[in-house]
**Student:** 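One structure, as structure tokens, below. Some questions next.
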Amino acid sequence: KSLNLSVITVTDSTGKTLSDGQVTMTGPTISTKVAPGSNGPYTVLWRTVSSDGHPIEGNYSFTVQDPAAVPTASPAGRPARPTNRLAAAV
């Protein structure tokens with residue numbers, strides 16, 4: 001078993017941590033499971049070790065909003081399809 005020094009922390013606007021603390025590494029991608037949250041802003045803080053052995057870190061924010069509350073444009077005659085997926089690359 002290899003040592004995993006990676007960390008991903010996902011917090012909501014109240015500071016509550018929603019990530020489970022377990023980080024998975026697949027090639028150049030790190031990921032973690034996140035508990036369901038509510039609408040609003042979230043912050044992701046991450047840290048890992050690069051392939052050359054140097055520590056790297058970063059952060060980003062995103063906002064969750066109920067798709068029913070946001071009007072979406074769609075091609076004529078086709079209903080808009082809401083999505084509940086979030087994809088991010090580190």
Side-chain angles (χ1 to χ4, degrees):
K1 185 175 179 179
S2 64
L3 180 61
N4 184 353
L5 301 175
S6 300
V7 175
I8 303 173
T9 304
V10 180
T11 55
D12 66 13
S13 62
T14 68
K16 178 181 176 185
T17 299
L18 300 173
S19 47
D20 71 358
Q22 302 296 313
V23 176
T24 302
M25 294 174 43
T26 306
T29 303
I30 60 174
S31 61
T32 191
K33 292 182 181 179
V34 179
S38 58
N39 289 346
Y42 291 82
T43 301
V44 179
L45 304 173
W46 61 271
R47 183 175 64 239
T48 193
V49 178
S50 68
S51 60
D52 67 2
H54 289 87
I56 55 175
E57 61 185 58
N59 63 74
Y60 60 93
S61 298
F62 64 92
T63 300
V64 172
Q65 188 168 356
D66 182 353
V70 179
T72 57
S74 63
R78 294 165 110 194
R81 290 186 350 176
T83 180
N84 61 355
R85 295 182 182 164
L86 169 69
V90 176

**Student:** For residues D20 and Q22, report the shortest heavy-atom separation together with the two atoms involved.
**Tutor:**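 Scanning both residues, the minimum pair turns out to be OD1-N, 2.8 Å.
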**Student:** Just verifying a value: how many Å separate T24 OG1 and I8 CD1, rounded to the nearest 0.5 Å?
**Tutor:**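 If we round to the nearest 0.5 Å, T24:OG1 and I8:CD1 are 8.0 Å apart.
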**Student:** Can you name the residues that form a side chain to side chain contact (heavy atoms under 4.5 Å, CB included) with V7, not counting sequence neighbours?
**Tutor:**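 For V7 the side chain to side chain contact (heavy atoms under 4.5 Å, CB included) partners, ignoring immediate neighbours, are T9, R47.
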**Student:** Restricting to non-hydrogen atoms, name the atom on V64 and the atom on Y42 that form the minimum distance, rounded to 0.1 Å.
**Tutor:**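 V64 and Y42 have their closest heavy atoms at CG2-CE1, 3.6 Å.
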**Student:** Before you tell me yes or no, could you show the steps for V44 and F62 under side chain to side chain contact (heavy atoms under 4.5 Å, CB included), namely the whole-Å CA-CA distance, both residues' side-chain angles and the distance that decides it to 0.1 Å?
**Tutor:** CA-CA 8 Å; V44 179; F62 64 92; 3.7 Å; yes
**Student:** Could you tell me whether a side-chain N or O of S19 sits under 3.5 Å from a main-chain N or O of V34, the two making a donor and an acceptor?
**Tutor:**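 Flag not set: sc S19 to bb V34 has no pair under 3.5 Å.
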**Student:** For T11, enumerate each residue passing the side-chain hydrogen bond (donor to acceptor under 3.5 Å, both in side chains) test, keeping only those at least two apart in sequence or located in another chain.
**Tutor:**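 For T11 there are no side-chain hydrogen bond (donor to acceptor under 3.5 Å, both in side chains) partners, ignoring immediate neighbours.
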**Student:** Can you measure from OG (S38) to CG (D66) and round to the nearest 0.5 angstrom?
**Tutor:**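 Rounded to the nearest 0.5 Å, the OG-CG separation comes to 11.0 Å.
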**Student:** Which atom names give the shortest non-hydrogen contact between L18 and P36, and what distance separates them?
**Tutor:**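 L18 and P36 have their closest heavy atoms at CD2-O, 4.4 Å.
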**Student:** Side-chain heavy atoms under 4.5 angstrom apart, residues restricted to Ile, Leu, Val, Met, Phe, Trp, Tyr: same cluster for L45 and L5?
**Tutor:**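 No; L5 is not reachable from L45 via cluster members.
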